Amino acid sequence: MVVRCHAIVALAKQVAISEPARVQALGEKTRITPNGPSSLVQAAREAMDVACRPTKKREAEEKAKEGGKKQLETSVELSDMEEERRRMMENLAIEGVVFLSIVGKAKEQLLFSEAKKNDGKRLIENLHYLVSSKSNRAARFGAVQVLANLTRSSEDRQRDYNKELEKLRQVASKGLGPNTSAKLAKVAGSTELAKRCTRAIVQAGGVRALVRCFAAAKNEKKIIKSGSEDSETNTEGVSSQLVEGISFCLKKMATDERNRGAMVQQKGMRLLGDLYNLGAAIMDKNGGVDSKKGMWREDCAVALARIAITTNPALYPEGSMYTLIQPLIWLFSNASHELFQFEAGLGMTNIASIDASTRDTLVVHGVWSACTNLLASENEEVQRVGIECMSNLVVCEKSFERLQKTDQDIKLFLLFAKADNLKIQSAATGGLAMMTQDPDIGKNVLKLGGRKVLEEIQKSTKDPGVQMRVKVTLENLAEMPDPPLSADAVQPTASDSKTELDDEILEIN
């Protein structure tokens, strides 16, 4: 079987780097059955079955787990030689699957083409077994890399800090020229295929397996020397490359809304929080975002944002809400793409809808101030989620205290209320309607020329929702006399609102 595994690895490398080899090894003529896998894919799956086959020790571990025993009987312990042989088989089997999982056509056959019943499901179970391995670091890392490859599509952007896939390509294409490895990014398969693979992994308990993987890596307490070419030391003594792979998998899992509830149930939120904090510690130690150290922090924050968007906050495990706050705030100002800022804003808006106590907590932790980073974006959709989040935060004691003391935030609401974008205007006028229930805040609104601004909006808008919000706000202000206008009062016309808004946000930031 060892010789066969070496042959599988050699062929899998050719499949990863050569289109003719892919046609020959994965084509219709090589399929075991018309709708089944190629003989190479089936051989790779069978090698995984052999490598992960229950042994006396593994069976005893399962029995001990079921019976609640803490230690195994020495009579079922494998000898050192048997353990070494087992690790060698695991490493060879997973290496072949690593290279096959680079290629979209091979991924589809690995998980969804069956020669025997539940072949694909059993492969995922074997991957989860190796991912959780407490005794074989190499196989554990290889299994994480397979999961990352399975969840990756040709459209995924590779950051310069995430070098593992490129290293795999360079290994596979060694001696074949400098341009070969760059071409391999295009064969990872479609976004839809990656989504199907990811869904299958999550349904089989993939998040739970990654939780066990990180726990096993920490428990090894092996320190990797900092500055080496292949790895970095972090505060947990865990390979940064392993953490990058886990974080990428979790981000891809959270892309599909159907997976998010399962991620919460399988303790994914806590894992994401731990990984985010680990990346933050490394990034801060090395000089911030520009260092590119600990950049899996963004993957974790994006995954948390996506979970926060659609998951009912009432279903979060106790204390999990606090796991979300800082990662989402960090994305507001440090995200590498506007989409991630937008998702973080949506997630925070959902959290702010829970209750007044939660909103007070968010304001105390700096969410209100952080939202101004979203308002400063050139993207109107990012601006929209920023003002929507602030509107949700308005109705709480801490926000009222802030609005009573300063005119600056109220001015932002008035300026955005004049926006041409209907959704922005709706959110801003909604915030004004809620805040003017407080007489002291109402006086500040009037001091900034709020009545004339709102009357002008009432005349110009045709949207029933905006009209209703403006009507409620004006009713709240009806009994209040107009105080002298402040020097920085908002002009009622919309002609200069964009320039005025830019200047105001610039002053705040």
Side-chain angles (χ1 to χ4, degrees), residues 1-13 16 41 43-62 77-102 106-107 110-111 120-151 164-165 167-168 171-172 201 204-222 224 230-231 236-249:
M1 193 64 195
V2 172
V3 174
R4 189 179 186 187
C5 284
H6 279 294
I8 291 169
V9 171
L11 289 171
K13 286 183 180 180
V41 167
R45 292 197 298 207
E46 290 174 355
M48 285 286 286
D49 284 340
V50 172
C52 301
R53 183 179 295 162
T55 61
K56 289 181 179 180
K57 182 176 181 179
R58 184 172 168 189
E59 288 174 349
E61 286 174 343
E62 292 299 321
E77 288 288 347
L78 294 180
S79 67
D80 291 342
M81 185 178 296
E82 287 175 311
E83 284 280 20
E84 188 61 34
R85 186 173 181 278
R86 168 64 58 187
R87 283 193 289 269
M88 180 180 66
M89 280 295 301
E90 289 175 346
N91 294 345
L92 284 171
I94 198 64
E95 186 178 2
V97 179
V98 166
F99 287 111
L100 285 174
S101 64
I102 293 175
K107 287 196 282 191
L110 281 167
L111 295 192
K121 181 179 179 181
R122 195 165 60 253
L123 174 68
I124 295 176
E125 290 172 350
N126 288 335
L127 287 171
H128 290 176
Y129 169 69
L130 293 181
V131 160
S132 309
S133 174
K134 296 179 180 179
S135 59
N136 191 342
R137 165 185 269 192
R140 182 172 63 233
F141 178 76
V144 169
Q145 192 60 56
V146 171
L147 293 179
N149 288 347
L150 290 172
T151 59
E164 269 317 297
L165 187 60
K167 287 181 181 179
L168 282 174
V171 170
I201 291 167
V207 179
R208 194 177 293 111
L210 292 175
V211 170
R212 292 196 296 266
C213 175
F214 186 57
K218 288 196 297 182
N219 289 338
E220 278 184 334
K221 299 188 182 301
K222 290 184 177 180
I224 304 169
D230 297 326
S231 52
E236 296 284 359
V238 180
S239 165
S240 292
Q241 294 170 357
L242 179 73
V243 175
E244 284 177 7
I246 295 172
S247 302
F248 178 83
C249 289

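Since we're looking at a predicted model, the values are computed, not measured.
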Checking [X] side chain against [Y] main chain: does a donor-acceptor pair fall under 3.5 Å?
X    : Y    : result
R86  : A51  : yes
R45  : L110 : yes
K107 : N149 : yes

With respect to L147, which candidate in C249, C213, S101 satisfies the side-chain contact (heavy atoms from CB on, under 4.5 Å) definition?
C249
Kindly indicate, with the supporting measurements, whether the criterion side-chain contact (heavy atoms from CB on, under 4.5 Å) is fulfilled by K134 and N219.
CA-CA 8 Å; K134 296 179 180 179; N219 289 338; over 6 Å; no
Considering all heavy atoms, the nearest [X]-[Y] contact:
X    : Y    : result
A216 : R140 : CB-NH1, 3.9 Å
G96  : A12  : O-CB, 3.5 Å
I94  : A143 : CG1-N, 3.6 Å
V97  : M48  : CG2-CG, 3.7 Å
A44  : L100 : CB-CD1, 3.7 Å
R87  : S135 : CD-O, 3.7 Å

In Å and rounded to the nearest 0.5 Å, what is the [atom1] to [atom2] distance from [X] to [Y]?
X    : Y    : atom1 : atom2 : value
R208 : L210 : CZ    : CG    : 11.5 Å
I124 : L111 : CD1   : CG    : 5.0 Å
E46  : I8   : CD    : CD1   : 8.0 Å

Check: [Y] and [X] side chains under 4.5 Å, non-hydrogen atoms:
X    : Y    : value
L150 : V146 : yes
Q145 : F141 : yes
V50  : M89  : yes
V131 : R212 : no

Chi angles and distances behind the side-chain contact (heavy atoms from CB on, under 4.5 Å) call for K13, E95:
CA-CA 9 Å; K13 286 183 180 180; E95 186 178 2; 4.1 Å; yes
Restricting to side-chain hydrogen bond (donor to acceptor under 3.5 Å, both in side chains), what partner residues turn up for N136, sequence neighbours left out?
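N136 satisfies side-chain hydrogen bond (donor to acceptor under 3.5 Å, both in side chains) with E90, N91 only.
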